[in-house]
Colleague: 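Structure provided below as C-alpha coordinates; questions to follow.
Letters A, B, ... are given to chains in the order of the sequence lines, protein chains preceding strands, and every chain is numbered from 1. Everything numeric in this text was worked out from a predicted model, so none of it was measured.
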Amino acid sequence: MRVSVPHEWPESVERAEALQRELAPLVDPTTPDGLTVTTAAGLDVAYAEEGDLLVAAVVVLDVASLAVVDSATALAAPAFPYVPGLFAFRELPPLLGALERLSVTPDLLLADGQGLAHPRRFGLACHLGLVTGLPTAGVAKTPMTAHPPPGPNRGDHAPLTDDGGREVGRALRTRSGVKPVYVSVGHRIDLDRACAEVLRLCPRYRLPETTRAADQLCRAALREASHQDRPHQA
DNA sequence: GCGACAG
DNA sequence: ATCTTGTCGC
(Lines give C-alpha, C1' and ligand atoms only; values in the text may rest on other atoms or scores of the structure.)
Protein backbone atom coordinates (compact mmCIF):
# COMPACT_ATOMS: atom_id res chain seq x y z
CA MET A 1 0.00 0.00 0.00
CA ARG A 2 1.05 3.60 -0.55
CA VAL A 3 2.06 5.62 2.47
CA SER A 4 2.78 9.32 2.02
CA VAL A 5 5.53 10.94 4.05
CA PRO A 6 4.02 12.29 7.29
CA HIS A 7 5.26 15.78 8.14
CA GLU A 8 8.56 17.32 9.12
CA TRP A 9 10.67 15.09 11.30
CA PRO A 10 11.11 16.47 14.82
CA GLU A 11 14.75 17.04 15.76
CA SER A 12 14.11 17.43 19.47
CA VAL A 13 11.92 16.09 22.23
CA GLU A 14 10.20 19.45 22.46
CA ARG A 15 9.35 19.51 18.76
CA ALA A 16 8.12 15.92 18.87
CA GLU A 17 5.79 16.68 21.76
CA ALA A 18 4.56 19.82 20.03
CA LEU A 19 3.87 17.80 16.89
CA GLN A 20 1.82 15.31 18.89
CA ARG A 21 -0.26 18.16 20.32
CA GLU A 22 -0.83 19.51 16.81
CA LEU A 23 -1.90 16.15 15.41
CA ALA A 24 -3.98 14.90 18.35
CA PRO A 25 -7.10 16.94 17.40
CA LEU A 26 -7.11 15.27 13.96
CA VAL A 27 -7.86 11.84 15.38
CA ASP A 28 -11.31 10.52 14.51
CA PRO A 29 -12.48 8.19 17.30
CA THR A 30 -15.56 6.99 15.45
CA THR A 31 -16.20 4.06 13.15
CA PRO A 32 -16.99 4.80 9.48
CA ASP A 33 -20.48 3.66 8.42
CA GLY A 34 -20.49 0.09 7.26
CA LEU A 35 -16.93 -0.74 8.26
CA THR A 36 -16.31 -4.42 7.68
CA VAL A 37 -13.11 -5.89 9.03
CA THR A 38 -12.22 -8.83 6.83
CA THR A 39 -8.48 -8.43 7.13
CA ALA A 40 -6.44 -7.04 10.01
CA ALA A 41 -2.74 -6.26 10.17
CA GLY A 42 -0.42 -6.63 13.13
CA LEU A 43 2.66 -4.41 13.36
CA ASP A 44 5.74 -4.89 15.50
CA VAL A 45 9.41 -3.91 15.69
CA ALA A 46 12.46 -5.85 16.90
CA TYR A 47 15.66 -4.18 18.08
CA ALA A 48 19.23 -5.41 17.62
CA GLU A 49 21.22 -5.74 20.84
CA GLU A 50 23.65 -3.05 19.74
CA GLY A 51 20.70 -0.74 19.32
CA ASP A 52 21.78 0.31 15.86
CA LEU A 53 19.13 -1.49 13.84
CA LEU A 54 15.37 -1.75 13.89
CA VAL A 55 13.40 -4.36 11.98
CA ALA A 56 9.68 -3.87 11.46
CA ALA A 57 7.13 -6.42 10.30
CA VAL A 58 3.52 -6.19 9.19
CA VAL A 59 1.40 -9.30 8.86
CA VAL A 60 -2.08 -9.20 7.36
CA LEU A 61 -4.48 -11.92 8.47
CA ASP A 62 -7.91 -12.95 7.27
CA VAL A 63 -9.80 -12.46 10.51
CA ALA A 64 -12.22 -15.34 9.99
CA SER A 65 -9.64 -18.01 9.20
CA LEU A 66 -6.53 -16.34 10.69
CA ALA A 67 -4.74 -17.27 7.46
CA VAL A 68 -1.88 -15.01 6.41
CA VAL A 69 -2.92 -12.85 3.48
CA ASP A 70 0.26 -10.84 3.11
CA SER A 71 3.32 -9.71 5.04
CA ALA A 72 6.35 -7.46 4.71
CA THR A 73 9.42 -6.34 6.64
CA ALA A 74 11.72 -3.32 6.56
CA LEU A 75 14.99 -2.34 8.19
CA ALA A 76 15.91 1.10 9.51
CA ALA A 77 18.47 2.84 11.66
CA PRO A 78 16.98 4.38 14.80
CA ALA A 79 15.81 7.91 13.94
CA PHE A 80 14.88 8.94 17.46
CA PRO A 81 15.87 7.85 20.99
CA TYR A 82 13.45 5.91 23.12
CA VAL A 83 11.54 8.38 25.24
CA PRO A 84 8.36 7.24 27.00
CA GLY A 85 5.50 9.00 25.25
CA LEU A 86 7.51 9.54 22.07
CA PHE A 87 8.30 6.05 21.00
CA ALA A 88 6.21 6.40 17.85
CA PHE A 89 9.08 8.47 16.46
CA ARG A 90 11.35 5.49 16.96
CA GLU A 91 9.15 2.83 15.42
CA LEU A 92 7.29 4.78 12.75
CA PRO A 93 10.06 4.86 10.08
CA PRO A 94 10.54 1.09 9.82
CA LEU A 95 6.82 0.43 10.23
CA LEU A 96 5.93 2.76 7.35
CA GLY A 97 8.62 1.08 5.27
CA ALA A 98 7.05 -2.30 5.87
CA LEU A 99 3.55 -0.98 5.12
CA GLU A 100 4.76 0.37 1.78
CA ARG A 101 5.90 -3.10 0.80
CA LEU A 102 2.45 -4.53 1.41
CA SER A 103 0.50 -5.51 -1.70
CA VAL A 104 -2.90 -5.33 -0.03
CA THR A 105 -4.58 -2.67 2.11
CA PRO A 106 -5.78 -4.06 5.46
CA ASP A 107 -9.18 -3.08 6.85
CA LEU A 108 -7.69 -2.52 10.30
CA LEU A 109 -4.24 -1.88 11.75
CA LEU A 110 -3.34 -3.10 15.25
CA ALA A 111 -0.30 -1.39 16.71
CA ASP A 112 1.88 -2.66 19.53
CA GLY A 113 1.38 0.19 21.99
CA GLN A 114 -1.07 2.91 22.96
CA GLY A 115 -3.51 4.99 20.95
CA LEU A 116 -5.45 7.62 22.89
CA ALA A 117 -4.32 6.11 26.20
CA HIS A 118 -1.29 8.36 26.07
CA PRO A 119 -0.10 11.46 28.00
CA ARG A 120 -1.00 13.73 25.05
CA ARG A 121 -3.69 11.42 23.69
CA PHE A 122 -1.55 10.63 20.67
CA GLY A 123 0.24 7.31 20.96
CA LEU A 124 1.73 5.22 18.14
CA ALA A 125 -1.66 3.88 17.04
CA CYS A 126 -3.02 7.40 16.51
CA HIS A 127 0.05 8.42 14.56
CA LEU A 128 -0.15 5.33 12.36
CA GLY A 129 -3.84 5.93 11.80
CA LEU A 130 -3.39 9.52 10.66
CA VAL A 131 -0.49 8.69 8.39
CA THR A 132 -2.27 5.79 6.69
CA GLY A 133 -5.83 7.01 6.98
CA LEU A 134 -6.84 3.49 8.00
CA PRO A 135 -8.87 2.35 11.00
CA THR A 136 -6.25 1.73 13.68
CA ALA A 137 -6.23 0.64 17.30
CA GLY A 138 -3.48 0.19 19.86
CA VAL A 139 -3.00 -2.98 21.87
CA ALA A 140 -0.38 -2.48 24.59
CA LYS A 141 1.04 -5.07 26.94
CA THR A 142 1.51 -2.57 29.76
CA PRO A 143 -0.56 0.53 30.57
CA MET A 144 0.50 4.16 30.74
CA THR A 145 -2.72 5.18 32.42
CA ALA A 146 -4.36 4.45 35.76
CA HIS A 147 -7.04 1.76 35.80
CA PRO A 148 -9.07 -0.44 38.13
CA PRO A 149 -8.60 -4.18 37.54
CA PRO A 150 -11.09 -5.76 35.10
CA GLY A 151 -13.16 -8.82 36.01
CA PRO A 152 -11.46 -12.24 35.82
CA ASN A 153 -13.12 -13.63 32.70
CA ARG A 154 -12.43 -13.30 29.01
CA GLY A 155 -14.22 -10.21 27.71
CA ASP A 156 -14.28 -8.43 31.07
CA HIS A 157 -12.90 -4.92 30.92
CA ALA A 158 -12.22 -1.79 32.96
CA PRO A 159 -11.80 1.78 31.73
CA LEU A 160 -8.41 3.44 31.34
CA THR A 161 -8.91 7.06 32.34
CA ASP A 162 -6.88 10.22 31.89
CA ASP A 163 -6.36 12.98 34.45
CA GLY A 164 -9.85 14.30 33.81
CA GLY A 165 -11.48 10.92 34.30
CA ARG A 166 -12.32 10.50 30.63
CA GLU A 167 -12.19 6.97 29.24
CA VAL A 168 -9.21 6.85 26.89
CA GLY A 169 -8.99 3.08 26.57
CA ARG A 170 -9.74 -0.22 28.24
CA ALA A 171 -7.94 -2.91 30.17
CA LEU A 172 -9.39 -5.90 28.32
CA ARG A 173 -9.22 -9.50 29.53
CA THR A 174 -8.60 -11.59 26.43
CA ARG A 175 -8.09 -14.84 28.40
CA SER A 176 -9.67 -15.76 31.70
CA GLY A 177 -7.27 -15.48 34.60
CA VAL A 178 -4.53 -13.89 32.52
CA LYS A 179 -3.18 -10.34 32.67
CA PRO A 180 -5.28 -8.06 30.44
CA VAL A 181 -4.13 -6.10 27.37
CA TYR A 182 -4.63 -2.36 27.09
CA VAL A 183 -6.73 -1.33 24.11
CA SER A 184 -7.20 2.23 22.92
CA VAL A 185 -8.48 3.95 19.80
CA GLY A 186 -5.95 4.94 17.19
CA HIS A 187 -8.10 6.43 14.44
CA ARG A 188 -11.37 5.81 12.59
CA ILE A 189 -12.75 3.16 14.94
CA ASP A 190 -14.58 3.42 18.25
CA LEU A 191 -13.46 1.77 21.46
CA ASP A 192 -16.28 -0.81 21.61
CA ARG A 193 -15.55 -1.95 18.08
CA ALA A 194 -11.81 -1.98 18.67
CA CYS A 195 -12.23 -4.22 21.71
CA ALA A 196 -14.58 -6.51 19.79
CA GLU A 197 -12.07 -6.91 16.97
CA VAL A 198 -9.24 -7.54 19.42
CA LEU A 199 -11.27 -10.26 21.12
CA ARG A 200 -12.00 -11.86 17.76
CA LEU A 201 -8.26 -12.00 17.16
CA CYS A 202 -7.52 -13.58 20.53
CA PRO A 203 -9.09 -17.05 20.29
CA ARG A 204 -6.34 -18.69 22.29
CA TYR A 205 -3.61 -16.41 23.58
CA ARG A 206 -3.46 -13.15 25.50
CA LEU A 207 -2.18 -11.20 22.51
CA PRO A 208 -3.97 -10.91 19.15
CA GLU A 209 -2.83 -13.37 16.49
CA THR A 210 -1.86 -10.36 14.38
CA THR A 211 0.55 -9.13 17.03
CA ARG A 212 1.98 -12.60 17.58
CA ALA A 213 2.54 -13.11 13.87
CA ALA A 214 4.22 -9.72 13.45
CA ASP A 215 6.39 -10.30 16.51
CA GLN A 216 7.53 -13.65 15.17
CA LEU A 217 8.26 -12.22 11.73
CA CYS A 218 10.30 -9.20 12.82
CA ARG A 219 12.38 -11.36 15.13
CA ALA A 220 13.11 -13.79 12.32
CA ALA A 221 13.98 -10.91 10.00
CA LEU A 222 16.30 -9.48 12.64
CA ARG A 223 18.10 -12.82 12.97
CA GLU A 224 18.42 -12.88 9.20
CA ALA A 225 19.86 -9.35 9.09
CA SER A 226 22.36 -9.96 11.89
CA HIS A 227 23.49 -13.13 10.18
CA GLN A 228 24.55 -11.20 7.13
CA ASP A 229 26.43 -8.59 9.13
CA ARG A 230 28.26 -11.02 11.35
CA PRO A 231 28.36 -14.33 9.50
CA HIS A 232 29.51 -17.28 11.52
CA GLN A 233 33.03 -18.63 11.06
CA ALA A 234 33.98 -19.28 7.42
C1' DG B 1 8.06 19.82 43.31
C1' DC B 2 9.43 14.79 42.21
C1' DG B 3 8.95 10.46 40.16
C1' DA B 4 6.92 7.29 36.85
C1' DC B 5 6.24 6.35 32.01
C1' DA B 6 4.13 2.05 25.60
C1' DG B 7 8.59 -0.61 23.09
C1' DA C 1 13.06 -3.79 23.40
C1' DT C 2 16.87 -7.30 25.08
C1' DC C 3 19.68 -10.57 28.31
C1' DT C 4 17.72 -15.89 29.98
C1' DT C 5 16.28 -22.29 32.43
C1' DG C 6 13.50 -24.59 34.21
C1' DT C 7 9.07 -25.17 35.74
C1' DC C 8 4.07 -25.12 37.24
C1' DG C 9 -0.36 -25.67 35.10
C1' DC C 10 -4.42 -26.08 31.73
Colleague: Does any N or O in the side chain of A:Gln20 come within less than 3.5 Å of the main-chain N or O of A:His127, such that one atom is a donor and the other an acceptor?
Modeller: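 Not at all, since once roles are kept as given, no pair shorter than 3.5 Å links the two residues.
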
Colleague: Between B:dC5 atom P and A:Arg120 atom CZ, what is the distance in whole Å?
Modeller: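 A:Arg120 atom CZ is separated from B:dC5 atom P by 16 Å.
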
Colleague: Calculate the interatomic distance between A:Leu207 atom CG and C:dA1 atom P; express it in whole Å.
Modeller: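 After rounding, the gap between these two atoms is 10 Å.
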
Colleague: Does the ring of A:Tyr82 lie flat against the base of C:dA1, closer than 5.5 Å centre to centre with planes under 30°?
Modeller: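 A:Tyr82 vs C:dA1: stacking no.
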
Colleague: When the distance from NZ of A:Lys179 to C1' of B:dA6 is rounded to whole Å, what number comes out?
Modeller: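 Atom-to-atom, A:Lys179 to B:dA6, this comes out as 11 Å.
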
Colleague: Rounded to the Å, how far apart are A:Leu86 CG and B:dC5 C1'?
Modeller: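 So the CG-C1' distance, A:Leu86 to B:dC5, works out to 11 Å.
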
Colleague: Sub-3.5 Å donor-acceptor pair from the side chain of A:Arg101 to the main-chain atoms of A:Thr73, do we have one?
Modeller: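 Yes, the answer is positive, given that a donor and an acceptor are paired below the 3.5 Å cut-off.
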
Colleague: Donor-acceptor pair, A:Arg90 side chain versus A:Phe80 backbone, under 3.5 Å?
Modeller: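 Yes; judged by distance alone, with no hydrogens or angles, the pair exists.
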
Colleague: Write down the distance between CG (A:Leu160) and C1' (B:dA6), rounded to a whole number of angstrom.
Modeller: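 Taking CG of A:Leu160 and C1' of B:dA6, I get 12 Å after rounding.
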
Colleague: Less than 6.0 angstrom from the centroid, inside 45 degrees of the normal: does A:Arg212 satisfy that with respect to the ring of A:Tyr205?
Modeller: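 Yes, a cation-pi geometry.
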
Colleague: Side-chain N or O of A:Lys141 less than 4.0 angstrom from OP1 or OP2 on B:dA6?
Modeller: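 For B:dA6, neither OP1 nor OP2 has a side-chain N or O of A:Lys141 closer than 4.0 Å.
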
Colleague: Nearest whole Å is fine: how far is C:dC10 C1' from A:Arg204 CZ?
Modeller: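 It works out to 10 Å between those atoms.
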
Colleague: Which part of the nucleic acid does A:Leu54 contact within heavy-atom distance under 4.0 Å: base, sugar-phosphate only, or nothing?
Modeller: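 If one applies the 4.0 Å heavy-atom cut-off, A:Leu54 turns out to touch nothing in the nucleic acid.
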
Colleague: If you define the side chain from C-beta out and look only at heavy atoms, does anything of A:Val68 sit under 4.5 Å from A:Asp62?
Modeller: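 Contact flag for A:Val68/A:Asp62 side chains = no.
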
Colleague: Rounding to an integer number of Å, can you tell me how far A:Leu95 CG sits from B:dG7 C1'?
Modeller: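 After rounding, the gap between these two atoms is 11 Å.
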
Colleague: Mind calculating the distance between CZ (A:Phe87) and C1' (B:dG7) to the nearest angstrom?
Modeller: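 Interatomic distance, CZ of A:Phe87 to C1' of B:dG7: 4 Å.
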
Colleague: Verify the contact: side-chain N or O of A:Thr142 to OP1 or OP2 of B:dG7, cut-off strictly under 4.0 Å; return yes or no.
Modeller: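 Yes, such a contact exists.
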
Colleague: Under 4.0 angstrom, heavy atoms only, what part of the nucleic acid is A:Arg219 near: base, sugar-phosphate, or nothing?
Modeller: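 It contacts sugar-phosphate atoms only.
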
Colleague: Can you tell me which nucleotide in C:dA1, C:dC3, B:dA6 comes closest to the side chain of A:Glu49?
Modeller: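 Nearest to the side chain of A:Glu49 among the choices is C:dC3.
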
Colleague: Which of the following nucleotides, C:dT2, B:dC5, B:dG7, is nearest to the side chain of A:Ala46?
Modeller: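 The closest nucleotide is C:dT2.
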
